[in-house]
Amino acid sequence: MSGVTDRPFRQLIRDLAGGRIGISVTEFISVDAAQRFTPKSFRQLRTFAGECPLCIQIFGAKPESMAAGAAQMVGNGADFVEINGGCPVPKVIGRGGGSSLLKDLPRLKSMLQQVRKAIEVPLFLKVRVGWDESSINILETLRIAEGEGVELFTIHGRTRVQGYKGLADWDLINQAASVAKIPVIGNGDIRSAHEAKARLDQYPALSGVGIGRALMHNPFVLGQVADLWEGKPVLEPGPQQQYQMLLRYAELLAEDGFSPQGVLGRLKQMMARMSRYLEPDASVFRLELLHTQELEPYLVRLQHFYQEEYEQGGYQFMPGRILNLNGKHSTEMEEGRQFK
Ligand SMILES: Cc1cc2nc3c(=O)[nH]c(=O)nc-3n(C[C@H](O)[C@H](O)[C@H](O)COP(=O)(O)O)c2cc1C
């Protein structure tokens with residue numbers, strides 16, 4: 001996830017999961033930039049020791065630049081290359097990348113063909129179900145991907161026009177997975193390890209599920225998935241584990257070259273989300289954190305909260321219970337089929 005899953009975040013997640021991570025995927029990288037930069041100079045290409053297997057995700061408009069970019073990514077250590085056909089952001093769409101590929105399947109086909117020829121590692125594709133409700137084309141996209149040698153196909157069950165509104169259409173994801181000849185990963189709105197398992201139980205045609213925003217709310221979630229997968233009790237992080245996690249994140253960010261203000265910004269982002277899942281309501285604490293201007297007092301405040309107030313206040317961290325992933329209160333939206 002762009003702006004989220006950079007090197008320190010990926011390392012944090014892997015540490016919290018005790019190394020039980022399948023494939024690490026970078027933030028998406030513009031092929032225009034990719035051809036000019038190396039891991040030494042380009043932040044998004046940097047990895048940590050032992051980060052393997054690694055998938056580098058790229059985006060762009062022109063099949064030939066994507067092919068050159070993909071080859072460059074393999075040179076930069078990618079074990080897999082993924083093409084982004086799902087990003088809805090106007091800056092990416094306007095330049096012909098991301099989910100705009102879904103409006104031009106011949107270009108997508110040619111892109112896959114040229115990228116496939118340019119690399120020897122497996123090629124992945126990540127897409128949405130279509131551009132808008134009246135042009136759902138996930139089955140056609142899947143057929144093209146299969147024909148062009150894509151080896152892993154991830155579907156975010158929303159359209160581009162939906163952005164992050166409404167819900168992902170898991171019936172549609174399942175429809176594609178049921179006819180696919182290649183592994184399909186379903187993605188959209190999974191809030192917890194138990195929901196990940198529920199999706200896999202409900203849709204046996206899927207080869208896996210992808211978890212995005214839940215990581216921003218609960219960085220422990222992939223470790224919890226691994227616990228569940230291994231039949232172990234699922235870790236419910238207590239105050240000490242939450243506090244240590246935040247300190248570790250601060251340390252990883254500083255090691256990565258973030259300034260104290262940069263570290264503070266990232267901690268604020270994380271706490272703005274995590275604190276919503278504290279029960280009883282912690283909005284006073286959340287506001288205090290948002291208004292703290294320096295890193296040191298911020299860390300002192302966190303320490304006091306987790307070491308003194310948490311138990312006294314009877315707090316519990318309950319991600320996945322009350323809110324949807326856009327940070328709003330649960331809605332009355334219905335799961336399942338979203339499009340006619
Ligand atoms: C801030 C942000 C950045 C994202 N960046 C990427 C990206 O670079 N590549 C990608 O494939 N998806 C990206 N996504 C989409 C997520 O990977 C995922 O497909 C989407 O959020 C739906 O899954 P979720 O409900 O589990 O979050 C991003 C999402 C967010 C919220």
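Atoms within a ligand are numbered from 1 in the order they appear, just like the ligands themselves.
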Is the Phe305 ring parallel, tilted or perpendicular to the Phe285 ring (thresholds 30°, 60°)?
parallel
Going by the side-chain hydrogen bond (donor to acceptor under 3.5 Å, both in side chains) test, which pairs reach into residues 221-235, not counting sequence neighbours?
Arg20-Asp227, Arg20-Glu230, Asn218-Gln224, Glu230-Lys232
Can you see whether Asn137 engages Ser135 through a side-chain donor-acceptor pair at a distance of less than 3.5 angstrom?
no
Do any N or O atoms from the side chain of Lys126 and from the backbone of Thr154 form a donor-acceptor pair under 3.5 angstrom?
no
Can you pull every nitrogen or oxygen pair between ligand 1 and the protein closer than 3.5 angstrom?
| unit_1 | atom_1 | unit_2 | atom_2 | d |
| --- | --- | --- | --- | --- |
| ligand 1 | 5 (N) | Ser2 | N | 2.7 |
| ligand 1 | 8 (O) | Ser2 | N | 3.2 |
| ligand 1 | 8 (O) | Phe28 | N | 3.4 |
| ligand 1 | 9 (N) | Gln57 | OE1 | 2.7 |
| ligand 1 | 9 (N) | Asn84 | ND2 | 3.3 |
| ligand 1 | 11 (O) | Gln57 | OE1 | 3.3 |
| ligand 1 | 11 (O) | Gln57 | NE2 | 2.8 |
| ligand 1 | 11 (O) | Asn84 | ND2 | 3.4 |
| ligand 1 | 11 (O) | Lys126 | NZ | 2.8 |
| ligand 1 | 12 (N) | Lys126 | NZ | 3.0 |
| ligand 1 | 17 (O) | Lys126 | NZ | 3.2 |
| ligand 1 | 19 (O) | Lys126 | NZ | 2.9 |
| ligand 1 | 19 (O) | Asn187 | OD1 | 2.5 |
| ligand 1 | 23 (O) | Asn187 | OD1 | 3.4 |
| ligand 1 | 23 (O) | Asn187 | ND2 | 2.9 |
| ligand 1 | 25 (O) | Asp189 | N | 2.6 |
| ligand 1 | 25 (O) | Arg213 | NE | 3.4 |
| ligand 1 | 25 (O) | Arg213 | NH2 | 2.8 |
| ligand 1 | 26 (O) | Gly212 | N | 2.8 |
| ligand 1 | 27 (O) | Arg213 | N | 2.7 |
| ligand 1 | 27 (O) | Arg213 | NE | 2.8 |

Cut-off 3.5 Å, side chains only: do Gln242 and Tyr310 have a donor facing an acceptor?
yes
Taking atom types as modelled, is there a side-chain donor on Glu51 or Ser24 under 3.5 Å from an acceptor on the other?
yes
